[in-house]
Amino acid sequence: MNLSFVKLFLKRPASAFRVPHAVSARRSLGAAALALWAFAAVPAHAQDPSPDADDTSVTLSDPLGPPSADEQKALPNVQLTSQIVFQVLAAEVALQRNQPAPAYQTYLALARDTHDPRMAQRATEIALAAQSPSDALAAAQLWQQYAPNSERAAQLDASLLVLSGKPDDAEPLLARELARVPADNRGNAILALQLLLSRGPNRVGGLHVLQDMLKNDMNRPEAQLAIARQQLVADDAPGAHKSLQQALALKPDYLPAALMLSQMGPEERKEGIASLEKYVQQNPKSHDARLALAQMYLASDRLDDAQKQFEVMHKANASDLTPLMALALIKIQQKNFTDAQGYLTQYAQQAEKTPGADPGQAYIYLAQVSLEQKNEAAAADWLSKISPSSQQYLSAQITRAQLLAKQGKPDDARRQLASLRPADPRDQALVARTDAAILFDAKRYPEAETRLQQATAAFPDDPDLTYDYAMAAEKNGHFDTMEAQLRKLIQTQPDNPQAYNALGYSLADRNQRLAEADKLVEKASSLAPNDAFIMDSVGWVKYRMGDTTDAIRLLRKAYTIQPNAEIGAHLGEVLWKAGDQDQARAAFREARKLEPDNETLVKTLQRLQVNDL
């Protein structure tokens, strides 16, 4: 649950907000090559079971930084001639003119002539910036040849070999780096090694390399987990299942393995839960095992069982923040707001006394609970307690702006947003979306469209902004703009059901290109078959095409899944046109109870001249 969640427009449930980081050309390949692994500094959270975790999940030194003291001592004694100076200057000038190829060739030639690893390193940097992995690999191998004891060169060379689909060639380098890791950090290093291998195109070859390198580590649960992860990306689910079982046999309370097993399917989830239940019964004081079991229950939607485990944990240690927050969120899910407030208040009080803890997390949920209870003043008071140092500060300020808008003060709300200066592009986009939503809710539709047009220009790859811009354009009758934006979204996200749904519904609502509209909404339905709003669109297209029987069936089903005023208005209209006016009036009455001022409902009643509800 997130109070900064922005619900902009109808016809879809707003998706969770995420904006990709803007990545420069220099950063993208460099990040893949450099930020994948460094065994000496792998943090505990490298145990994240997702093989698609961000590159930054592994903390690294910079292999392209200046040479270390030992590397400095090993540098060759190269006389700096005027010819070398000229070639270096010429190469740098070429780079300034955006001509990386001659600059790369110059530095590569200098490296071969002088055997100076710094020249090879510079050639590697240029190739990475130019997005040329094969050239980067050639330069990195030369760098390592001239600096055989350089850990930086070896790490980069190994990374580029893996990314080039040559894990077998990388194995000696990887084994050497793994051998340098202290014993107490070897488990995390093994997980980081698998993360690197999973990024290469040769997943099966990466699995063979991993199994060979870890043949003496099979008594480590991290090794079994690493192999299981690589088996999954290599499409060996049975092998992954067996490896996870072995990991849990070695360490029954090993949460990453238990969670990964539970994600493989319902039977595996039962197996993981049974294993943890047995372990907890035998080791009732094991905090980690009980936490793992509670999380497994949550993943299986067994809230009551999870709650019991968190209550035991809270009773054992009243100052433990984890069960306090978990119990609060469970109570919110159960609509038991009184108990939720109690747990959240305890969390905030304890977090204020705990170094490194963030009480803002509790305050943001307390504000949400107050909003659920229609107490906006209390919500504002909770939000005001969140300090600028809190990770929740931006969410709090955005929610305060939304509250001002709800009070009929859209300009004050926008000034509140304008005062924010987030550095992260994702946060900047979130502020822009919220600003547009405030304008839209104030029925200032042209301004909302303009704001979103500006935002999509600043963040052209953000799917949520693209979608919102399309919906704002449609509201202003700019259907060509709407269609262009939605087709752009379909091209970049071919599995996005909302893009197909919005375009198909818009065509049907205007009674245009109905055959195409039908294909679009059917595609959306195939991607999200239980989405009530998409089901409503399919029913609405059927109605426009003359199939009232199927339309009524679909609209009834959609309304049952998601009672909504707009769906009710559609159902009422189809029933009315089908001659069942009593049922139509009943549908209209139910819809009006939900949202009496719903625009679609009001316009439908006016158009059909229904005045006797």
Side-chain angles (χ1 to χ4, degrees), residues 7-14 374 406 408 437 439-446 448 470-479 482 498 501-518 520-522 524-525 530-613:
K7 184 177 181 180
L8 284 176
F9 306 105
L10 295 175
K11 288 314 301 168
R12 66 150 188 175
K374 312 299 183 185
K406 190 175 180 181
L439 289 167
F440 198 89
D441 289 342
K443 302 190 185 303
R444 293 159 60 173
Y445 303 126
M471 297 298 94
E474 182 192 39
K475 193 68 178 180
N476 290 309
H478 300 155
F479 300 115
M482 176 212 69
Q498 304 304 336
N501 178 57
L503 182 54
Y505 174 80
S506 178
L507 291 172
D509 202 44
R510 289 177 280 134
N511 217 12
Q512 296 180 0
R513 293 151 51 192
L514 293 179
E516 182 181 356
D518 187 47
L520 287 164
V521 296
E522 289 290 352
S525 181
N530 296 317
D531 187 304
F533 294 99
I534 292 176
M535 199 175 296
D536 167 66
S537 296
V538 176
W540 193 240
V541 172
K542 298 297 183 189
Y543 164 62
R544 290 295 199 191
M545 298 179 76
D547 187 354
T548 55
T549 301
D550 208 20
I552 291 171
R553 179 186 64 82
L554 287 164
L555 291 169
R556 285 193 189 280
K557 185 177 179 181
Y559 190 85
T560 300
I561 295 172
Q562 178 69 57
N564 172 272
E566 183 174 355
I567 299 175
H570 288 158
L571 175 59
E573 178 168 348
V574 177
L575 288 167
W576 187 275
K577 292 292 187 179
D580 194 345
Q581 296 187 352
D582 289 340
Q583 287 292 318
R585 287 188 178 91
F588 288 139
R589 280 193 293 269
E590 287 298 317
R592 194 160 67 175
K593 288 179 184 178
L594 292 172
E595 190 181 347
D597 298 326
N598 179 269
E599 185 176 354
T600 299
L601 177 61
V602 171
K603 287 183 176 180
T604 301
L605 294 175
Q606 290 174 346
R607 180 162 35 83
L608 298 178
Q609 298 182 345
V610 180
N611 303 310
D612 54 346
L613 296 181

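Keep in mind that what you see is a predicted model, and the values were worked out from it rather than measured.
To the nearest 0.5 angstrom, Arg544 atom CZ is 5.5 Å from Asp509 atom CG. Note: Glu474 CD to Tyr445 OH = 12.0 Å, rounded to the nearest 0.5 Å. In this structure, the separation between CZ on Arg553 and CG on Asp547 is 9.0 Å, given to the nearest 0.5 Å. Atom CE in Met545 sits 6.0 Å away from atom CG in Leu514 (nearest 0.5 Å). Interatomic distance, Gln581 CD to Phe588 CZ, rounded to the nearest 0.5 Å: 9.5 Å.
Between Trp540 and His570, the ring planes lie parallel to each other; the angle is under 30°, not in the 30° to 60° tilted range.
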*Stepwise side-chain contact (heavy atoms from CB on, under 4.5 Å) check, Gln512 with Phe479*: CA-CA 12 Å; Gln512 296 180 0; Phe479 300 115; over 6 Å; no

*Candidate pair Tyr543 and Thr548, rule side-chain contact (heavy atoms from CB on, under 4.5 Å), full reasoning*: CA-CA 5 Å; Tyr543 164 62; Thr548 55; 4.1 Å; yes

*Would Glu522 and Val541 satisfy side-chain contact (heavy atoms from CB on, under 4.5 Å), going step by step from the backbone distance to the final call?*
CA-CA 10 Å; Glu522 289 290 352; Val541 172; over 6 Å; no

*Begin from the C-alpha positions of Leu608 and Lys577 and carry the test side-chain contact (heavy atoms from CB on, under 4.5 Å) through to its verdict.*
CA-CA 9 Å; Leu608 298 178; Lys577 292 292 187 179; 3.9 Å; yes

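Scanning all heavy atoms of the two residues, the minimum distance from Ala558 to Met535 falls at N-SD, 3.7 Å. Heavy-atom minimum distance, Leu571 versus Ile552: CD1-O, 4.1 Å. Ala532 and Ile567 get closest at one heavy-atom pair: O-CD1, 4.0 Å. Here the closest heavy-atom approach between residue Ser537 and residue Asn501 is recorded as OG-OD1, 2.6 Å. Taking both residues in full, the closest heavy atoms of Ala551 and Gly539 are given as CB-O, 3.3 Å, listed atom of the first, atom of the second, then distance. Closest of all the heavy-atom pairs between Leu594 and Ala565 is CD1-N, 4.1 Å.
Leu575 has its side chain within reach of Arg556: a pair of non-hydrogen atoms, C-beta onward, lies under 4.5 Å apart. Side-chain contact between Asn598 and Arg592 is absent, with no heavy-atom pair separated by less than 4.5 Å.
Partner of Arg607 under the side chain to side chain contact (heavy atoms under 4.5 Å, CB included) criterion, chosen from Thr604, Leu605, Val610: Thr604.
A donor-acceptor distance shorter than 3.5 angstrom exists from the side chain of Asn564 to the backbone of Glu566, with no hydrogens or angles considered. Panel note: side chain Ser506, backbone Ala502; no donor-acceptor pair is recorded below 3.5 Å.
Checked for salt-bridge contact, Lys475 and Glu599 meet the test: a charged N lies under 4.0 Å from a carboxylate O.
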